[in-house]
Structures are given as structure tokens and as C-alpha cells.
There are 2 protein chains.
Amino acid sequence: MRRGGHRVGRGRTRLRSSSVHDELSQRIGEGRLPAGTRLPSEPDLAAELGVSRATLREALRALETEGLLRRMQGSGTFVADHVRVRNSLDLNFGVTDAIRAAGMNAGTEGGRHWIEPTPTGEAERLGLDPGQDVAVIERVRTADAKPVVLSRDILPYELVRPHPELLDEMLQRSIYEILERDLGIVIHHGIANFRPVHADGAVAGHLGIARGELILYLSQVDYAEDGAPVLSSHEYHLADAFDYSVVRRGPGRRLT
Amino acid sequence: MRRGGHRVGRGRTRLRSSSVHDELSQRIGEGRLPAGTRLPSEPDLAAELGVSRATLREALRALETEGLLRRMQGSGTFVADHVRVRNSLDLNFGVTDAIRAAGMNAGTEGGRHWIEPTPTGEAERLGLDPGQDVAVIERVRTADAKPVVLSRDILPYELVRPHPELLDEMLQRSIYEILERDLGIVIHHGIANFRPVHADGAVAGHLGIARGELILYLSQVDYAEDGAPVLSSHEYHLADAFDYSVVRRGPGRRLT
DNA sequence: ACGCCACGAGTTGTCTGACAAATACTGCCT
DNA sequence: AGGCAGTATTTGTCAGACAACTCGTGGCGT
């Protein structure tokens, strides 16, 4: 089912429209262009940024699709009332970020890792043959030294075989960060699935709570840029640990 | 805090680039352009669709930002391995859709509605003064005649004052649909917040379950195109009723 | 036979200039 | 003061050209 995908030249030259996009995105993000502001006219803005109007419009179109801008023919281009949500599930990544976003101190406790043959189920999630080995990283994440999340991260062992020492590092640091910095694998997106459950004995033990406590179980598969599955995660969150939100796009209507 | 926003002329003419966007989006969605397919060159495709290359590129840029396409200079434009997730929280809207997506029969049971002064909390969520009235619509949603969700939807009464009969309709049909068709209010996006809880007496009674059962509590505020809050919802979902997923965008990297 | 390189065809990216369509503004008229 | 027509401004679309990049092909040397 899964083909290789097209070879994507990693570091090719930056497109002008992409630079313009980032520049404007940054101005909006930093508050230099507050919501409601009207941008200069396209010819003026293009001149200021040193690109043609066509290139500028490429960037504007992307920003509009992302919901940062709103364009109205005959009237102008305005900065939208964009949505800022703490710890938004569809943007933020990683338990560490979530803990820090809540203003608490992120740590780990009792982490360990091992190699095992791919369990059934994981083979399908990661697109592996049942024979292959996977590396499992199990950690208890703490916020201000209190256990809040039990996580098991599973990735194909072949990815880390050349650098087994990375598994030790993964106990303490962000797996996403290590994948990118040391292995050159950039996670492009993930699909998370969640449901409420009761803590069973094992989970309760790790998190130091009573059996039957409320848990949000979150299972996720992360994919690389070319669509290949890279990382499978299972996380058990204390129900009252975080505030989970999602920005849901309107029912059907086109964005523009 | 909340200003009116810019008056947005409701039914203005459809932009060509927007039509082209929809057309291509539909071809991809229907599978006529499977993942991996290479699109015709821009000049050819523009000719086929009867628009200029510039207009076509507007549409392509949007589709790329949405993740449906991938463009590579010198190589071509390809249909991305796009993600299709059943009942994805960040796309789908409404309990009815979710039930139908699961292949079950959606219905309602024991719905009622009333008018009351804005409760504290709701006033802030909806940007109302404490004196104003709100309409509350309470429904139990069923899947194949089995209760699965208890929902309370709250909207400013002034919105429906001209057409009070709409409240009765809302008990049976989609509130989003009625807002749009009869009141001309298009929901642009919503922000949902959720956490696992135990069913209390009231919720258990409505859903016909025991107290203490697992519930996913989902509270959401929906906003119109101009950013004004329109609808506040509180939903109590049976834990095993649905499969909730979210597509999470990769850590930080720019899309293009 | 094999590998390397230059070349060219094909494709997306950017530029320029112009006109169409929609909106906002101005000032006159009543 | 209020309505209305005309005008300026702004985004949307069109057309054509060239630049930058990718990929396959065929020649060349070894």
C-alpha cells in the first residue's frame, strides 16, 4: 500500500514567496500587525518587500488559507481575528510542551527502553513486517515533580540501529527533537486518537494513583514528510492534568 | 473587547479561483485524482478549466496549504498522500455527522428548550451582558435508537426572537443548518475543550446509564465569519460511542 | 561496458503590465 | 441632512515572457 513517495530534495533554495509568507506571518505573530489592521495595498506591499505583486499574492493566498488574513475585493486585506488557544491539540506537539505551556516544570521519572519483536497491531500502525524489531521507550512525565502522563513510544529499531545510544537520550529529551537533529527525520503530521478510560493496575502503579481513576488515553501515529509512519505513541494522561482544546473548522464551507 | 468586525457583504459573487479550488478539491476527494497522481502542467490545466494560469495558481496554492497537493519546481504538481480520518474532530462538525459517519441511524429523544437569563460563565463565552436572555436547547442524541450524547446548546435569544418557531425545529435538525439557512449565520470555526469525567446523576439519567460511568465531556464555542461568538455547546458523550481523532500538524515547520 | 557530463525538453517560480470587478469616498444636488 | 452619481482605490483576473529547477537522453572518454 505505501509507496516510497517522491524523493524530496532536502535543502533546496528557499522560494521567494515562502520567505514573504514567513515574514508576514512573523509580523502578525509578534503583534506588529494586530488583528483588524489593514495591510498596505498589494502594489505598495510588494514594493516594500522587494517582490512582484504575483509573488506577494502567492504568500497572501497561503496566509488567507491558514486563517491569518482576510481579503476583500475592492476593500483591502485585513489581519483576521486569529485564534490563539493554549495547548491546542492540532498545533502543539509533545507532552513536554504542554507541561511548559501550563507554566510547570517538565521532567521524567523511571524511564526505560527495550527492543522487542513488533507486536501485532503496531506492525500495522507502523507499516512493518511482523519479523522486524521495534524500540520501545517508556517514560513517566512529571509536572512539578508530580506524575501526570505515562507514555510508551514505539519506533522501528532499524531507524536507531546505527546510533543505539540515542535511545538513552530519548528518555530525557524530546523524541521529535532527536529524530530531527540526529536522524534527519522531520515529523510532518500525526493522527491522534483518544478516549476516556479507567486506570488499570499497571497504569495506576506508574502514575501513583488508585485503580479506576479517570484517564485520557491518547494513541497517536506520526508520519514523516514523505508519508512514511515513523513513531507510534500510547499516552495515559491524568484527567485533570491538562486542558485539551481543538480548533474545529466550520462545517464544510470553503475558506475563501 | 470584541468589536464588530468589518461588515462582510454576504452573498458576493463567487471568485473564479475559488470555483477552481472547489473543482480540484472535489476531484481529489472523490478519488478521481488518487494520491501520487501527477497533475497536468499548469498551462494545460488552466486551459482545461478555462482560466488563466494566475487564477489556477491561486487555487493550487490554497490546495497546497491545505495539504492536498505538493508542488515541486521543475518536476510537477502531485496529489499528496492526504489524510482521511473518520470523524476527525478538526474537520467534522456536529454529533449527527459523527453518528452517520459510523454507519448508524441518528435521532433525537426527549428534546426540550427554554429561555432563561444568561448564566454566569455563558455570558463570557458568548460575549453577552448578564441581563440578556439566552435560548437553551437540550437534546439526547441517539445512534440506532440508543442514547449516546446529551447536549445543551446555548445561543443568544435575540438571534431567534424574530422566528421563535425555529427553536422547535432545532430539536430535530442540525442547529448549524438552521443558523445558516434561516438566519444567514455561517459558522466559521469553533473551539472545543474536552476532558474525561464521571457521569453525575443528571447525565446518567438522561443517557440511561449508571452514575459514575465514563463520559467524554466536550464544551465548545462556535464563531461566525466575523469572529462573533454565536453558539455555546456542552456535550456529554458515552465513552465508547465514537472514535475521536485529530490530525496534528508537525512541530513547527512551515507548511510550504 | 561503464561512468561522467553536457545538453535540452518540460515544469514550476517570478516578473511585468494591463484591464475588470468590487468597494469606499467625495462632493454635488435637493 | 440625506440621497445620489461619479471617481479613486483596491483586489481579482488575464496575457506573455523569462528564470530556476528537474529529469531524462545521448555523447564522450576511459
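Naming: A, B, ... by sequence-line order, numbering from 1 per chain.
- Atom NE2 of A/His21 and atom P of C/dT14 are 13 Å apart (whole Å).
- By the side chain to side chain donor-acceptor pair (under 3.5 Å) test, B/Ser75 pairs with no residue at all, sequence neighbours left out.
- Listed by chain and residue number, B/Arg125 satisfy the salt bridge (Lys or Arg N to Asp or Glu O under 4.0 Å) test with B/Glu122 (two or more places apart in sequence, or in another chain).
- Distance CZ (B/Arg61) to C1' (C/dT12): 12 Å, rounded to an integer number of Å.
- Residues forming a side chain to side chain donor-acceptor pair (under 3.5 Å) with B/Arg27 (at least two apart in sequence, or on another chain): B/Glu23, B/Glu48.
- A heavy atom closer than 4.0 Å to some atom of DNA chain C occurs in B/Arg38, B/Ser41, B/Glu42, these being the qualifying members of residues 37-49 of chain B.
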Scan nucleotides 3-5 of chain D against the protein and return all N/O pairs shorter than 3.5 Å with their distances rounded to 0.1 Å.
none

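- We find that CD of A/Gln73 is positioned 5 Å from C1' of C/dA22, with the value rounded to whole Å.
- Residues A/Phe194 and B/Phe194 place their aromatic rings such that the two centres sit under 6.0 Å apart.
- Every residue was checked against the side chain to side chain donor-acceptor pair (under 3.5 Å) condition with B/Glu165, not counting sequence neighbours, and none meets it.
- Look at CD on A/Glu64: it is 12 Å from C1' on D/dG12, rounded to the nearest Å.
- Residues passing the side chain to side chain contact (heavy atoms under 4.5 Å, CB included) test with A/Glu177 are A/Arg173, A/Ser174, sequence neighbours excluded.
- Partners of A/Arg100 under the salt bridge (Lys or Arg N to Asp or Glu O under 4.0 Å) rule, at least two apart in sequence or in another chain, do not exist in this structure.
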Could you list, one pair per line, each protein nitrogen or oxygen that sits under 3.5 Å from a nitrogen or oxygen of nucleotides 13-15 of chain D, together with the distance?
| residue | atom | partner | partner atom | Å |
| --- | --- | --- | --- | --- |
| D/dT13 | OP1 | B/Arg16 | N | 2.5 |
| D/dT13 | OP1 | B/Ser17 | N | 3.1 |
| D/dT13 | OP2 | B/Ser17 | OG | 3.2 |
| D/dT13 | O3' | B/Arg16 | NE | 3.4 |
| D/dC14 | OP1 | B/Arg16 | NE | 2.8 |
| D/dC14 | OP1 | B/Arg16 | NH2 | 3.4 |
| D/dC14 | OP2 | B/Ser52 | N | 2.9 |
| D/dC14 | OP2 | B/Ser52 | OG | 2.9 |
| D/dC14 | OP2 | B/Thr55 | OG1 | 2.4 |

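- Put simply, CZ on A/Arg71 is 8 Å from C1' on D/dT11, counting in whole angstrom units.
- Under the ring-ring contact (aromatic ring centres under 6.0 Å, His included) criterion, A/Tyr157 pairs with no residue at all, not counting sequence neighbours.
- Remark: A/Thr118 pairs with no residue by the side chain to side chain donor-acceptor pair (under 3.5 Å) rule, at least two apart or across chains.
- In this structure, A/Phe78 atom CZ and D/dT9 atom C1' are separated by 12 Å, rounded to whole Å.
- Distances shown here put every side-chain N or O of A/Ser75 at or beyond 4.0 Å from the OP1 or OP2 atom of D/dT11.
- A donor atom on one side chain and an acceptor atom on the other are not found under 3.5 Å apart for B/Asp81 and A/Tyr223.
- Qualifying salt bridge (Lys or Arg N to Asp or Glu O under 4.0 Å) partners for A/Arg16, counting only residues two or more places apart in sequence or in other chains: none.
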